[in-house]
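Here is the naming used below: chain letters follow the sequence lines, and residue numbers restart at 1 for every chain. Not measured: the values here are computed from a predicted model.
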Number of protein chains: 4
Amino acid sequence: MSRGVNKVILIGNLGADPDVRYMPSGDAVATVSLATSEAWKDRNTGEMQERTEWHRTVFFGKLAEIVKQYLRKGSKVYVEGKLRTKKWQTQDGQDRYTTEIIVDNMQMLDSRQGGPSAVPYPDDAAPVGRSQNAGANRPAASEAPRSTAPESGSHHFSGAADFDDDIPF
Amino acid sequence: MSRGVNKVILIGNLGADPDVRYMPSGDAVATVSLATSEAWKDRNTGEMQERTEWHRTVFFGKLAEIVKQYLRKGSKVYVEGKLRTKKWQTQDGQDRYTTEIIVDNMQMLDSRQGGPSAVPYPDDAAPVGRSQNAGANRPAASEAPRSTAPESGSHHFSGAADFDDDIPF
Amino acid sequence: MSRGVNKVILIGNLGADPDVRYMPSGDAVATVSLATSEAWKDRNTGEMQERTEWHRTVFFGKLAEIVKQYLRKGSKVYVEGKLRTKKWQTQDGQDRYTTEIIVDNMQMLDSRQGGPSAVPYPDDAAPVGRSQNAGANRPAASEAPRSTAPESGSHHFSGAADFDDDIPF
Amino acid sequence: MSRGVNKVILIGNLGADPDVRYMPSGDAVATVSLATSEAWKDRNTGEMQERTEWHRTVFFGKLAEIVKQYLRKGSKVYVEGKLRTKKWQTQDGQDRYTTEIIVDNMQMLDSRQGGPSAVPYPDDAAPVGRSQNAGANRPAASEAPRSTAPESGSHHFSGAADFDDDIPF
DNA sequence: TTTT
DNA sequence: TTTT
């Protein structure tokens, strides 16, 4: 239940690969920087103007796993969620605020190049060099064999205390 | 035209009277702090939880004039707009970011107590003491006789440079 | 999961009291006729024009019970849902199509006169004459003491076959 | 201005090429049948279920011209608009109702295969056989050399009276 | 059939 | 930092 409506709808492109981390519970959290842009003709000069807006979007649980598996820098997505402004502190104790979109519905819009149900090529036939197939069209499935388990590398974190970086984005 | 979608829909209540200022061009800009709240039952304790989210919403031009005339602390509104994160500097030169909703459509939801077409009482019959008629139900028309002209009081500003306070909200 | 987005958002007023029925399972289904209206100034004549659009909205389960308890002719509501066009047959076997909004989120917008958590007066103090308190402001709680059980009156239906009238609305 | 909100947001694929006609004024009107689908796992059988919903969407003026030029059967689009149910009569005088989405914002989602600013090949190099390049990826620009003028073929109509077919879709 |  |  709620008294009020808090809804955000975005269609944009990822500015970078998703940042996926795991909570102590094992639940994934994916943070995605999404660009939406608008273009218009300047009334005075008649020249085209463009403005890009960057959105910090956050996905939890199963949705975060799908983001990890299928989205990459450049991918186009539809997201639906709600605004949440979180308060945090800098190292010297100053208050800061960051506004995020907590996503509860997501649609991949690069469907012709693969998706949740697509298995584009077997693992042993997958391209190995990242530079050879970077971008939105590169399926990420072959890179995420451990997608439902916590990572053991530098992205792993062991407590809520250091879940957020000192400076969030 | 645009490549992308950037849409926000909110229904909430004003946390304070609108802050209305005027640009050098004479165009009004209204800033409104809007609260949306959600309530849910905690899975573990079974107790009701509530969380209020505050949104900084901004209205321009004609829409800002309507906000000035009809909205007050406590008013319930529907707003539709887009997200914009603006960068600003503190007095000591540090970067800060504030996310706002630039509103392009608004609906007042306290309709039974007045609206854009309502003229609740003639000017000379208007209540004078603010404390006597505070809140969402108080018609604001009688307080805004100069609604289409720049204010001459402390809210007036003469240049874009000081349009924003040092700390925006 | 889904491939696609199908979303409707309405704010409008009920043209009549909700039509609430019960499925054989005991689940409630509420049908509500909702009016949204738009007004604009005619470019040629300069006169105000108005157009009202009527929407057939459908609520299931718990949401239908809330509709039954709290909404009345004239009530203002926000609804969010999806479009569904259903095919049905007339008595002489002709195909017909009716488009509905299947609601999955609802907000009452007459909150100052009562709501889900409000208990405006004890049952024995409730007004009796309908004509005395008709309309959106009349709390419906006192009229729905049996709100979670199937009705026994003329609105009751005993099978899926006759769940829909021959002519749905 | 309006009292109410009437908003529809869809992401789907065209079930057929757009139907584009011209009003006596020369303004284009495009009608597009859009499919949105949702999939879910049946609770009892555990099998995947899928349901496709068809939407009749209507575009006017400049937007209709863009639809004519760039959208084809299979194209994926985002549309935003409002619901309108129109009443019409069958040849034997019976009333019928058809619900449409009047579109006021549209985004093509097959961006990597061309768009409003793309000119994929000069006119004299355009493929001629329709069967050679059917589907969403086929640029339509070469087929619409007269896109801002009324058509002279069978789609032309000379009066509002026969603007709608007897059976609209 | 609603609402302003 | 994306995309067209």
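Taking atom CG on A:Leu10 and atom P on F:dT3, their separation rounds to 17 Å, with Å as the unit. Atom CZ of A:Arg51 is separated from atom P of F:dT3 by 19 Å (rounded to the nearest Å). Distance A:Asp19 CG to F:dT1 P: 17 Å, rounded to the nearest Å. Nucleotide F:dT3 holds its P atom 11 Å from the CG atom of A:Asp17, rounded to whole Å. When rounded to the nearest whole Å, the span between CG of D:Asp110 and P of F:dT4 equals 12 Å. Summarising the geometry, the separation between NZ on C:Lys76 and C1' on E:dT4 is reported as 8 Å, rounded to the nearest angstrom. To the nearest angstrom, P of E:dT4 lies 13 Å from CD of B:Gln107. Rounded to whole angstrom, the span from the NE2 atom of A:His55 across to the C1' atom of F:dT2 amounts to 11 Å.
Residues passing the side-chain contact (heavy atoms from CB on, under 4.5 Å) test with D:Leu63 are D:Phe59, D:Val103, D:Met106, sequence neighbours excluded. A search for side-chain contact (heavy atoms from CB on, under 4.5 Å) contacts involving A:Ala35 returns A:Thr52, A:Trp54, not counting sequence neighbours.
Listed candidates were F:dT1, F:dT2, E:dT2. Nearest to the side chain of A:Ala16 is F:dT1. For C:Ser37, the listed nucleotide lying nearest its side chain is E:dT3; candidates were E:dT3, F:dT1, F:dT2. Between F:dT1, F:dT3, E:dT2, one nucleotide has an atom nearer to the side chain of A:Lys73 than all others, and that is F:dT1. Proximity note for C:Asn13 (side chain, C-beta onward) versus F:dT4, F:dT1, E:dT2: the nearest is E:dT2. Here F:dT3 is the nucleotide among E:dT3, F:dT3, F:dT1 with the atom lying nearest to any side-chain atom of A:Glu50.
The pair D:Lys87-D:Asp95 counts as a salt bridge, with a side-chain nitrogen and a carboxylate oxygen less than 4.0 angstrom apart.
Applying the 6.0 Å contact sphere to NZ of D:Lys7 captures more than 12 heavy atoms from other residues, nucleotides or ligands.
Note on C:Thr52: a base of the nucleic acid sits closer than 4.0 angstrom, heavy atoms only.
With its ring centre under 5.5 Å from that of the base six-membered ring and a plane angle below 30°, C:Trp54 counts as stacked on E:dT1.
Atom CD in A:Glu80 sits 12.5 Å away from atom CD1 in A:Ile101 (nearest 0.5 Å).
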